[in-house]
There are 2 protein chains.
Amino acid sequence: MDHQHDTRVDHPALLRSSGLRATTQRLRVLDFLGATPHATARDVLVGVRAAGASMSTQAVYDVLHALVGAGLARTIEPPGSSARYEVRVGDNHHHLICRGCGDVTDVDCARGTSPCLTPATDHGFVVDEAEIVYWGTCAACARPTIPNEELS
Amino acid sequence: MDHQHDTRVDHPALLRSSGLRATTQRLRVLDFLGATPHATARDVLVGVRAAGASMSTQAVYDVLHALVGAGLARTIEPPGSSARYEVRVGDNHHHLICRGCGDVTDVDCARGTSPCLTPATDHGFVVDEAEIVYWGTCAACARPTIPNEELS
DNA sequence: TGGTTGTCTGGAATCGTTCCAGTCACCACG
DNA sequence: CGTGGTGACTGGAACGATTCCAGACAACCA
């Protein structure tokens, strides 16, 4: 967990070059997302507040929407989970999602650029992306349960 | 749109063999889903009511959950859309989703059974399914707009 | 036929997300 | 550097999809 992350990115310049204002709130959110991939809006809210910012829920959503709209972030909406956000954009990567705990992990695309796959039949669609979600059980959930642990 | 659909399936027997009671409400929902793939809960509600049933929203959800739980239906949760339900289960098919109108279309898997793909790196996950969503523009949305139509 | 219990009813609640009018603060320009 | 324009945040409220809950109903089996 103690790895170098995007604190070296010039976030103010990044925002401005995307046509956005470099507000304090946006910088806080970008810092947080850089350190915490696949965070929910609530994760972001709690995280930026823990870092000393005073932001409302709405402001968090506003910031996230602005970032996504400018292509600096994107959303992942796993079934049964509130929306998650990541700043890894501009590449064609996919996700592993754990059926147990909901953990989301990036995985590089082994095939190439979008669309990395084409459907058997396109039904008249012009396909521009093939989004792949690998469902399974993560290492933590695959571990045997501790015998003393009660099943709910 | 005038095609034969699952009206010939013995829905009562299907339900009972899955350990569920063959209630009128469930039969209505199965009939509707057979005719209308990828329907939202609201679609189902409106649809079964149009067919003469008097059902509450909660009953619709209860029925859908029971069907999904018994493996007779499954959910699709496209981003930005409420949950959708389909009765095509037991095969490994994928979906085309239109970025414009949200239309969801089934597409057969060209690769085989689950998991039809494996990730470049599994990060410790035991992968059991690779879900593919082909994003693009459907034929209807790809048509040129009518010149008199105002852009909003 | 009657009893059991899964399922539906109908009102209410939850939660993630968005709306909205007013205030604030970034930043371009003089 | 100061200032005005306007994008962005505030704070209260609303919305919609979904779930909760206690009681009534109805499928089904003996």
Side-chain angles (χ1 to χ4, degrees), chain A residues 10-30 32 38-49 51-70 72-85 102 104 152, chain B residues 10-30 32 38-49 51-70 72-85 102:
Chain A
D10 187 351
H11 285 149
L14 184 67
L15 286 165
R16 292 188 193 109
S17 64
S18 300
L20 297 182
R21 296 186 181 195
T23 61
T24 303
Q25 292 86 344
R26 285 176 175 161
L27 297 173
R28 292 291 181 99
V29 172
L30 277 172
F32 183 81
H38 314 120
T40 63
R42 181 162 187 87
D43 294 336
V44 174
L45 181 69
V46 172
V48 294
R49 283 182 178 174
S54 163
M55 278 178 79
S56 64
T57 306
Q58 299 76 250
V60 168
Y61 278 106
D62 286 345
V63 169
L64 292 170
H65 289 171
L67 296 179
V68 170
L72 300 182
R74 66 171 193 164
T75 63
I76 313 165
E77 300 194 34
S81 158
S82 50
R84 292 174 182 275
Y85 300 84
V104 180
S152 55
Chain B
D10 187 352
H11 285 150
L14 185 67
L15 286 164
R16 292 189 192 108
S17 65
S18 299
L20 297 182
R21 296 187 181 195
T23 62
T24 304
Q25 292 90 342
R26 285 176 175 161
L27 297 174
R28 292 290 181 102
V29 171
L30 277 171
F32 183 81
H38 314 119
T40 63
R42 179 160 189 91
D43 294 337
V44 173
L45 181 71
V46 172
V48 294
R49 283 181 177 175
S54 164
M55 278 178 78
S56 63
T57 306
Q58 298 78 249
V60 168
Y61 277 106
D62 285 345
V63 169
L64 292 170
H65 288 171
L67 296 179
V68 170
L72 300 183
R74 66 170 193 165
T75 64
I76 313 166
E77 300 192 33
S81 157
S82 51
R84 292 175 181 274
Y85 299 84

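What you see below is based on every heavy atom in this structure, not just the backbone, and it leaves out hydrogens, waters and symmetry mates. A, B, ... follow the sequence lines: proteins, then strands. Residue 1 opens every chain.
Within the 4.5 Å cutoff, side-chain heavy atoms of Arg84(A) are placed close to those of Asp43(A). Between Arg28(A) and Val63(A), the closest side-chain pair of non-hydrogen atoms is not below 4.5 Å.
If you check every strand for non-hydrogen atoms under 4.0 Å, Ala66(B) touches nothing. Residue contacts shown for Ser54(B) are limited to sugar-phosphate atoms, with no base heavy atom under 4.0 Å away.
Considering only side-chain atoms of Arg21(A), the nucleotide from dT6(D), dT18(D), dT17(C) that sits closest is dT6(D). Ranking dT18(C), dC27(C), dC8(C) by closeness to the Arg16(A) side chain, first place goes to dC27(C). Here dA8(D) is the nucleotide among dC26(C), dA8(D), dT18(C) with the atom lying nearest to any side-chain atom of Leu20(A).
The 5' end of DNA chain D is approached more closely, in terms of each residue's nearest nucleotide, by Gly19(A) than by the other of Gln58(B) and Gly19(A).
Checking the phosphate oxygens (OP1, OP2) of dT19(D), a side-chain nitrogen or oxygen of His65(B) falls inside 4.0 Å. In terms of phosphate contacts, Thr23(A) brings no side-chain nitrogen or oxygen within less than 4.0 Å of OP1 or OP2 of dA25(C). Residue Tyr61(B) places at least one side-chain N or O under 4.0 Å from the OP1 or OP2 atom of dT18(D).
Straight-line distance from the CG atom of Leu45(B) to the C1' atom of dC8(C): 14 Å, rounded to whole Å. Atom CD in Gln25(A) sits about 11 Å away from atom C1' in dC26(C), given to the nearest Å. Rounded to an integer number of Å, the gap from CG of Asp43(B) to P of dA17(D) is 10 Å. Rounded to whole Å, atom C1' of dA17(D) lies 15 Å from atom CG of Asp62(B). Rounded to whole Å, the distance from CG on Leu15(A) to C1' on dG7(D) is 13 Å. The separation between Met55(B) atom CE and dG10(C) atom P is 12 Å, rounded to whole Å. A straight line from CZ of Arg49(A) to C1' of dG11(D) spans 12 Å, rounded to a whole angstrom. A straight line from CZ of Arg28(B) to P of dT9(C) spans 12 Å, rounded to a whole angstrom.
The distance from the OG atom of Ser56(B) to the CZ atom of Arg49(B) is 7.5 Å, given to the nearest 0.5 Å. Once rounded to the nearest 0.5 Å, the distance linking CD1 of Ile76(A) with OG1 of Thr40(A) reads 11.5 Å. Interatomic distance, Tyr61(A) OH to Leu45(A) CG, rounded to the nearest 0.5 Å: 9.0 Å.
Contact annotation: side chain of Arg26(B) to base of dT7(C), donor-acceptor pair absent below 3.5 Å.
Two end axes, each from the C1' atoms of five base pairs, can be drawn for the helix from dT1(C)-dA30(D) to dG30(C)-dC1(D); they diverge by 30°, to 10 degrees.
Paired with Arg26(B) under the rule side-chain contact (heavy atoms from CB on, under 4.5 Å), one option of Asp62(B), Leu14(B), Leu15(B) passes, and it is Leu15(B).
Proximity of a side-chain donor or acceptor of Glu77(B) to a complementary backbone N or O of Glu77(A) within less than 3.5 Å is not detected.
The shortest heavy-atom contact between Pro78(A) and Val104(A) is CG-CG2, 4.3 Å.
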